[in-house]
2 protein chains.
Amino acid sequence: MARPPRSASVDSRRRLFEAAAAEFAARGYAGANVDRIARAARLNKAMIYYHFKSKAALYREILRDMFTAVGTRVADVAAASCTPEDKVRAFVEAIAAEAEARPHFPPIWLREIAEGGGHLDAATLNYARAVVATLGRIIEEGCRAGRFKPAQPMLVHGGIIAPLMFFLATARVRRKMQRAGAAGVADIPPKVVVAHIQRLTLAVLEGRIA
Amino acid sequence: MARPPRSASVDSRRRLFEAAAAEFAARGYAGANVDRIARAARLNKAMIYYHFKSKAALYREILRDMFTAVGTRVADVAAASCTPEDKVRAFVEAIAAEAEARPHFPPIWLREIAEGGGHLDAATLNYARAVVATLGRIIEEGCRAGRFKPAQPMLVHGGIIAPLMFFLATARVRRKMQRAGAAGVADIPPKVVVAHIQRLTLAVLEGRIA
DNA sequence: GTCTATAAATAGATAGAC
DNA sequence: GTCTATCTATTTATAGAC
């Protein structure tokens, strides 16, 4: 006996959300086309305006989803009871995991950086801010424990997310370059990148790179 | 006695090029508006089509200018006669210098990454490829001299340009976050970032981060 | 070389039927 | 909730005068 089907609209809303995320990732906010989004979701334009207020509102919802997911996840990391070193590793791992769960995440994040955060409303900007602040607290804790040297949280944060987003977002271009003849450019598994960034970050925090 | 004025069109072409670079950096390819570009250059739309074939061709020319500038500059670095360590430092410095000379450079580069290099024609893609290859040769040289451990050129390259573009491109967002209350987020001078990345890269190549 | 005016296409948003 | 049809604004691109 089949379970009573949930309202079809819940599903169509989710399909539109997914399709929109993919479209915004591939073409950016301005380049995205609501008609194409609707068709990718096997629906039509009008349904976007039924479920969302506008193209801009739809985009903001995707941004909020992204940044709140990362924000709450790293907050959990900071609250855990383990060494500062493990928290740093978990911090990197957490961002990578959220990014891998959402393939559209890295391109959209990169674009928002390029845009100067023009599409971020105050609340979402706050979540982005909180991520850096969380890392700052982990660093402080490590300093108090005598394991880390003091460091600018923003500098460390950039050192983590920039290469992470770069490698996750460039998988496609790198394959393109590989086909064009560059050797050993494409086959760098995410695991390797994450491990590399974890080691790098700890080396910085422990003052081993001067 | 005034020098005979060069043809006015040379100047108007350059003005359009500059205005276009700024527009593409701020809004991306799709978000850019040829009318706005023309007005920013104190000219009109028709002049864009007089000097350039199309919006797409204009954009491609900006990309080519960017990547050829970096490509030839790092080629000089690799050809210099100095230690591999100094070449690595100069490599980072060279990219930073070209990026600082063109404020539109980091945002556009970030967007191209996000886009998967969709706007890069074969020739320009080749220049991007050449930059990585050049770094690869510097690494090899260091390995032969027994100073570097073998490393994936692409991994090292990403570790350089990702944080570099990130910090140069985020100056604006970071100021926005600072105004919203985050402390010590905005005031990281480019010099500090470059020095940090130079040390980081050398630590990786010398096998000091494992 | 530079301009105005306009053609032609595209895309965000809504009305209204079912 | 979902669709078709359409309105309206925007925008790339060109024609043609000066």
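Every value quoted in this text rests on a predicted model; they were computed, and no experiment measured them.
Distance alone, capped at 3.5 Å, places no donor-acceptor pair between the A/Arg60 side chain and the A/His119 backbone.
Residue A/Ser12 has no polar side-chain atom (N or O) positioned under 4.0 Å from OP1 or OP2 of D/dG1. Dashed line: the shortest gap from a side-chain N or O of B/Tyr49 to OP1 or OP2 of D/dT14 is not under 4.0 Å. Neither OP1 nor OP2 of D/dT10 sits under 4.0 Å from any side-chain N or O of B/Asn33. The side chain of A/Asn44 contributes an N or O atom lying less than 4.0 Å from OP1 or OP2 of D/dC3.
Distance, A/Asp35 CG to D/dC7 P: 17 Å, rounded to whole Å. Taking atom CZ on B/Phe24 and atom P on D/dT12, their separation rounds to 9 Å, with Å as the unit. For the pair A/Leu58 CG and C/dG12 C1', the computed distance is 13 Å after rounding to whole Å. For the pair A/Tyr50 OH and C/dA15 C1', the interatomic distance rounds to 16 Å; values are reported in whole Å. Spacing between atom CG of A/Leu16 and atom C1' of D/dG1 amounts to 12 Å, rounded to whole angstrom units. Taking atom CZ on B/Phe52 and atom C1' on C/dT2, their separation rounds to 15 Å, with Å as the unit. Between A/His51 atom NE2 and C/dT14 atom P the separation is 16 Å, expressed in whole Å. If you measure from atom NZ of B/Lys55 to atom P of D/dT12, you get 5 Å, rounded to the nearest angstrom.
The B/Lys45 side chain lies nearest to C/dT6 when the options are C/dC3, C/dA13, C/dT6. Of the candidates D/dA15, D/dG1, C/dT2, D/dA15 carries the atom nearest the B/Ala46 side chain, counting heavy atoms from C-beta on.
Within the 4.0 angstrom heavy-atom criterion, no nucleotide atom of any strand lies near B/Ile48. Within the 4.0 angstrom heavy-atom criterion, only backbone atoms of the sugar-phosphate kind lie near B/Ala32; the bases stay farther away.
Checked against the 6.0 Å centroid criterion, the rings of A/His104 and A/Phe24 do not qualify as a close aromatic pair.
Ion pair B/Arg102/B/Glu98 flagged as a salt bridge, since at least one NZ, NE, NH1 or NH2 atom sits closer than 4.0 Å to an Asp/Glu carboxylate oxygen. We find that B/Arg89 and B/Asp86 are joined by a salt bridge, their nearest charged nitrogen and carboxylate oxygen being less than 4.0 Å apart.
With 3.5 Å as the limit, one finds a donor-acceptor pair spanning the side chains of A/Ser12 and A/His51.
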